[in-house]
There are 2 protein chains.
Amino acid sequence: MIEDSRKILSEHSVSITNPRILVLEALLEFGNPITIDELQSKLKGAVAKSTLYRVLNDLKKIKILNEFTSPDNSTVVELILEDHSHHHHLFCSDCGEVIDVELSEEFETMLNKEIENVQKKFNFEITDHRVEMFGLCTEECSNCK
Amino acid sequence: MIEDSRKILSEHSVSITNPRILVLEALLEFGNPITIDELQSKLKGAVAKSTLYRVLNDLKKIKILNEFTSPDNSTVVELILEDHSHHHHLFCSDCGEVIDVELSEEFETMLNKEIENVQKKFNFEITDHRVEMFGLCTEECSNCK
DNA sequence: AAATAAATGAGACTTATTCTCATTTACTGT
DNA sequence: ACAGTAAATGAGAATAAGTCTCATTTATTT
Ligand SMILES: [Mn+2]
Ligand SMILES: [Mn+2]
Ligand SMILES: [Zn+2]
Ligand SMILES: [Zn+2]
């Protein structure tokens, strides 16, 4: 896992430093979207707060980190890995869990057609989109009692 | 417009106060999604900061205000009016403009089917969804030079 | 008009993120 | 391996969005 982290950094010509390795390892190990709070606690103070934010910005700059805001306004990040294809997110409004969701190809095709229309109508160049779904996880969630 | 504001408040059994009227008027007049910053400057100090946030919370509580975060992390609000049907949003990553977008009925139908599947797969009860599109407004935008 | 509960304004407070700057670390070329 | 240099880090100060407190004002009910 530490080797994966080094590889990711060198492949993007970013210098290999301890804080960067630690942050990448934590993200790789968790494997799911994670709030910055949770990430900080996984790091157990091994990386200074200021450095953590800097590292996350570095990862955004090289386009391997996705960041978004959950409905309870916490910031969530996730690594964008090569094998990790285009997907969307499902949020539990109760416990804050964030789940990766892949929607069908037909759906994405149809969405792209809609996007085409919107581009024309508003004279925009649309580069990205997001589908978010909100609700409650009914059972088997360790956080929601 | 002041009468519309009064009507909205009384219809929701919320007491009619000056700050509430002023905020509603500003939102009605602007007519589009607006950042809290912009809203504050439209109000020109007529409503205290603390009161503005309280009023916005009141409007959320009676379900006539929608709030979301734009890609530059500013908070955007919009009134939910009766005639204003289900829609989505298009964001300009350059100037921060937020535009209301209605997608086709066929698309929404298909999205609801996808949501059905996701509900089953993850044992969730999904109550809401959002489609967001990001890009650049190419011309005729007063903010993007 | 008086009584009462609710709403407001002003500013203190909280807290996520950014910034500053002195020190440390990683990379480059020898 | 080593020195030189630019980049990265840690610690904590600064910033700013949003919340909270509390004394005063206002809306609503009688
Ligand atoms: Mn994801
Ligand atoms: Mn809208
Ligand atoms: Zn849950
Ligand atoms: Zn623009």
Side-chain angles (χ1 to χ4, degrees), chain A residues 2-3 5-26 33-62 64-77 96 98, chain B residues 2-3 5-26 33-62 64-77 96 98:
Chain A
I2 183 167
E3 272 322 311
S5 306
R6 295 192 120 89
K7 190 160 160 240
I8 290 171
L9 293 172
S10 66
E11 277 175 356
H12 290 88
S13 339
V14 164
S15 67
I16 295 165
T17 68
N18 219 249
R20 284 172 181 164
I21 291 169
L22 292 172
V23 171
L24 279 175
E25 279 191 300
I34 187 173
T35 63
I36 291 188
D37 272 357
E38 283 166 45
L39 182 54
Q40 261 169 332
S41 55
K42 302 239 176 247
L43 290 169
K44 284 279 178 199
V47 174
K49 180 167 52 97
S50 49
T51 302
L52 172 58
Y53 282 101
R54 275 186 295 229
V55 168
L56 293 176
N57 279 326
D58 297 337
L59 300 181
K60 277 194 269 181
K61 221 168 286 166
I62 62 175
I64 65 166
L65 190 82
N66 189 15
E67 183 180 303
F68 47 90
T69 304
S70 78
D72 66 354
N73 287 315
S74 43
T75 298
V76 178
V77 295
V98 187
Chain B
I2 183 167
E3 274 320 313
S5 306
R6 297 191 119 89
K7 191 161 158 237
I8 290 171
L9 293 172
S10 66
E11 278 175 355
H12 290 87
S13 339
V14 164
S15 67
I16 295 165
T17 67
N18 219 250
R20 285 173 181 163
I21 290 168
L22 291 172
V23 171
L24 280 175
E25 278 191 300
I34 186 173
T35 63
I36 290 188
D37 271 357
E38 282 166 46
L39 182 54
Q40 261 170 332
S41 56
K42 301 236 175 252
L43 290 169
K44 283 279 177 199
V47 175
K49 177 167 55 101
S50 48
T51 303
L52 172 58
Y53 282 102
R54 275 185 296 228
V55 168
L56 293 175
N57 280 326
D58 296 337
L59 300 181
K60 277 193 268 181
K61 221 167 285 166
I62 61 175
I64 65 167
L65 190 82
N66 189 15
E67 184 180 302
F68 48 90
T69 304
S70 78
D72 67 352
N73 288 315
S74 43
T75 298
V76 178
V77 294
V98 186

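Just so it is clear: chains get the letters A, B, ... in the order the sequence lines come, proteins before strands, and each one is counted from 1.
To the nearest 0.5 Å, atom CG of residue A:Asn57 and atom CD1 of residue A:Ile62 are 11.5 Å apart. Note that CD1 of A:Ile34 and OG1 of A:Thr75 are 12.5 Å apart. Values are rounded to the nearest 0.5 Å. Interatomic distance, B:Asp58 CG to B:Leu9 CG, rounded to the nearest 0.5 Å: 9.0 Å.
Between B:Asn73 atom CG and D:dA16 atom C1' the separation is 13 Å, expressed in whole Å. Protein atom CG of B:Asp58 is 14 Å distant from nucleotide atom C1' of D:dA27, rounded to whole Å. In this entry the distance linking CG of B:Leu22 with P of D:dT26 reads 14 Å, nearest Å. For the pair B:Arg20 CZ and D:dT26 P, the computed distance is 15 Å after rounding to whole Å. Rounding to whole angstrom units, CZ of residue B:Arg6 and C1' of D:dT28 are separated by 14 Å. Between the CD1 atom of A:Ile16 and the P atom of C:dT24 there is a distance of 23 Å, rounded to whole Å. Distance CG (A:Asn18) to C1' (C:dC27): 16 Å, rounded to an integer number of Å. Rounded to an integer number of Å, the gap from A:Leu43 CG to D:dT9 P is 13 Å.
Side-chain contact between A:Arg20 and A:Ser15: present, with at least one pair of heavy atoms (C-beta onward) separated by less than 4.5 Å. Under the 4.5 Å side-chain criterion, counting only non-hydrogen atoms from C-beta, A:Leu59 is not in contact with A:Ile8.
Judged by distance alone, with hydrogens and angles left aside, the side-chain atoms of A:Arg6 form no donor-acceptor pair with the main-chain N or O of A:Ile16 at under 3.5 Å.
Under 4.0 angstrom from either OP1 or OP2 of D:dT26 there lies no side-chain N or O belonging to B:Thr17.
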Quick tally for nucleotides 13-20 of chain C: nucleotides whose base has a protein heavy atom under 4.0 Å get B, sugar-phosphate-only ones S, the rest -, giving ---SBBBB
